There are 2 protein chains.
Amino acid sequence: MGRRSTTRRIGIADVALLAGVSHATVSRVMNGNFTVDATIAERVRAAAVELNYQPNPVGRSLALGKTDTIGIVVPDLSNPTFQAILRGLSMAAAQDGYRVLIADSSEVSSEEAILAGEARRRCDGLVLCAPRMSDAELEELAPSLHPMVLINRSTESTQAPSLMVDYGQGIQELAEHLVSLGHTRLAFLAGPARSASNGMRLNGLEKFSAAHPDIELQMLEGGSSFEAGHEAADKVIASGATAVLAFNDLVAMGLLSGLHEKGVRVPEDISVTGFDDIPFARYTTPPLTTAAVPITELGQQAWHSMRALIQQAETPATPSTFQPQLEVRGSTGPVKG
Amino acid sequence: MGRRSTTRRIGIADVALLAGVSHATVSRVMNGNFTVDATIAERVRAAAVELNYQPNPVGRSLALGKTDTIGIVVPDLSNPTFQAILRGLSMAAAQDGYRVLIADSSEVSSEEAILAGEARRRCDGLVLCAPRMSDAELEELAPSLHPMVLINRSTESTQAPSLMVDYGQGIQELAEHLVSLGHTRLAFLAGPARSASNGMRLNGLEKFSAAHPDIELQMLEGGSSFEAGHEAADKVIASGATAVLAFNDLVAMGLLSGLHEKGVRVPEDISVTGFDDIPFARYTTPPLTTAAVPITELGQQAWHSMRALIQQAETPATPSTFQPQLEVRGSTGPVKG
DNA sequence: ACGGACTGAGAAAACGCTTTCTCATAATTC
DNA sequence: GAATTATGAGAAAGCGTTTTCTCAGTCCGT
């Protein structure tokens, strides 16, 4: 007890005592309220620096009703895509004096709801990347999470801004690219079944198939990780497809590695495409043809939407969509003649 | 005003009112204090679920003097090494019900101190990755940041636990490996001049040189990024070295790419080594020989040290060192004969 | 049946700050 | 010079919890 009081962090009261004013005045000075006499203000400031006083953020938060912190929930922090979103978000938020609290749901969709709620309560807003959560649950949760911005999801009920990547369009472009190279037997190495973005890709591919009834397109079960791609090599070879659209770059890279081990040449024997254009996609062997998503920028945009939401209670609710850009590299080539 | 009161989040008072008890009792029930009658407790719990009451964490934090949050400051969130530390830390902390707040100093060392202080005040502890901060500044800052665990740094004054990677040992092993392949003209593509971990590497290389007076070892200015490595290609070629030790995997990968563009073959013409063994190091062309650091595990360990620090005021102060492990892959080979 | 030891819950203080309310004192006006 | 208005700072009321303090009401032994 005695010990503890010695170590106690210095608070507004200590400054007030030293400066010989009330703590209200100290607060006024610290917050740049000009209704305080210049002489006294200076005295307070001097006392503050002498004691190296720094306002306790928790006390401030309670009084002000804001934490200057936003939360982000991601399904997997080891995924470069979410790392990039986090980075873009964090950097942009920092410029406005906000910090970010992270919550990794480890791909466990049942955790997403709880984590989201917890994070939200600690923060002024929430950026939600919850690809596995069901639409129903998201819809139910949304109101209690406001202000919130969604990544690659949208809700009916709330007007939460949502930032979407047009995966459907991107995958169509990739497929068209393969067709232009002469491929007629394609395979899609799908992502997690319940993933929202996988659904968007499937929609895109449906449109593609409708436009190209002559092109064969097989659906192969995959996943979202490097390992999933690696393990799918046999399946891909067995499919007889000459070109495969992987769920994302990670899967594509795993597949590249798996195919290499089996002695299958890319792109001579099989062409492979990824999705996302993660930083390392251009350095694989061969460099990966992919659909580039300006993902860091998306993270940045997420902050801007969030900021708008926090500042004005009125929601602009701009559901902006990011168009992926076809990035042709070495992993795709003319069909084996 | 009227509006606002309608929207107000429900608090402990609402539950108390509905259950017909004092808010103190609600608090007791919520915190599993058993000195409350079972009947009443049940009534309170019912009221809580009916109102969907969730205690306000800020209020709790103020009362309890803890936030259940730890901060981490990293110099660059786009660096896979820090991403991995963050991930290991975040996952481990989550298991104990802690969250992590991130602060990215964007490699600006002057920001590190401020960010660290800010983050620390909002959290129960701080994990500090501040490679650019001067020893003096770190020493001065340390006391005010406690509890804190350091990554790849150490202090004299405080007994802050520090988790170190033995870069000196690792780089020596890499150099020895190159020598064993017959190389006699080596170059070190250094990291940022003021980086602490770069210093450790230099110390290791000094020892190496002392043990191998016959081996030529040039020092080349580099950096810590992919781009730095890429740009250094010309310099490396001009140096006449047959093997180059890059500061880290990122630099090595950039160099690989740069050398490839110039038509220099790796490892036939020049051998290249990295450091860290980031996830993609094994998938470069050729796969990168490197010194593997169990970096996610280090993040985990950082949490364990932090937890010990938070729980018992007494510090175990275990300055643990992680030994990198030589990972020989395709980017190194016998010297050109 | 009466005093002492328990139980259990409300009242109130504490956490560290911001902000409204209030009221001296000083500055202005007629 | 008295009345009015600025000006500026302290007192106090929050913000939403936890926790100590207090004190009714019970239960027990004698």
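Proteins come first, then strands; the chains are lettered A, B, ... in the order of their sequence lines, and each starts at number 1. Keep in mind it's a predicted model, so treat the numbers as computed, not measured. Because only heavy atoms are used, hydrogens play no part in the values below, and waters and symmetry mates are left out as well, while side chains stay in.
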Take atom CD of Glu42(A) as the centre, draw a 6.0 Å sphere, and report whether it contains more than 12 heavy atoms from other residues, nucleotides or ligands.
yes
Phosphate contact (dG8(D) OP1 or OP2) by Thr25(A) side-chain N/O below 4.0 Å
no
Please state how far atom NZ in Lys66(B) lies from atom C1' in dT19(D), giving the value in whole angstrom units.
15 Å
Is a donor from one side chain sitting under 3.5 angstrom from an acceptor on the other, for Arg122(A) and Asn56(B)?
no
Measure from CG on Asp37(A) to P on dA26(C) and round the result to the nearest Å.
12 Å
Rounding to an integer number of Å, can you tell me how far Asn33(B) CG sits from dG10(C) P?
13 Å
Considering heavy-atom distances to DNA chain D, does Phe34(A) or His23(A) have its closest nucleotide positioned more toward the 5' end?
Phe34(A)
Does Gln95(A), at its CD atom, have more than 12 non-hydrogen atoms belonging to other residues, nucleotides or ligands within less than 6.0 Å?
no
Calculate the interatomic distance between Ile10(B) atom CD1 and dC15(D) atom C1'; express it in whole Å.
16 Å
What is the nucleic acid contact for Gly65(A), judged by heavy atoms within less than 4.0 Å: base, sugar-phosphate only, or nothing?
nothing
Can you tell me if CD on Glu139(B) sees more than 12 non-hydrogen neighbours from other groups inside 6.0 Å?
yes
Donor-acceptor pair under 3.5 Å, Arg28(A) side chain vs dG10(D) base:
yes
Tell me: CE of Met30(A) to P of dT18(C), nearest whole Å?
8 Å
Whole-Å gap separating C1' (dT17(D)) and CG (Asp14(B))
13 Å
Looking at every strand, decide which applies to Asn31(A) at a 4.0 Å heavy-atom threshold: base, sugar-phosphate, or nothing.
sugar-phosphate
Choose from dT19(D), dG10(D), dT19(C) the nucleotide whose nearest atom is closest to any side-chain atom of Ser27(B).
dT19(D)
Mind calculating the distance between CD1 (Ile12(B)) and C1' (dC15(D)) to the nearest angstrom?
13 Å
For Leu150(B) versus Ala160(B), what's the shortest heavy-atom pair and its separation?
CD1-CB, 4.3 Å
Within residues 54-64 of chain A, those residues having any heavy atom closer than 4.0 Å to DNA chain C are Pro55(A), Asn56(A), Gly59(A), Arg60(A), Leu62(A), Ala63(A), Leu64(A)
side-chain N/O Tyr53(B) vs dT17(D) OP1/OP2, d < 4.0 Å:
yes
Could you tell me which non-hydrogen atom of Arg153(B) sits nearest to which non-hydrogen atom of Ala196(B), and how far apart they are?
CD-CB, 3.4 Å
Using a cut-off of less than 4.0 Å, is there contact between a side-chain N or O of Ser22(A) and OP1 or OP2 of dA9(D)?
no
Does either side chain, that of Asp124(B) or that of Thr67(B), offer a donor lying less than 3.5 Å from an acceptor on the other one?
yes
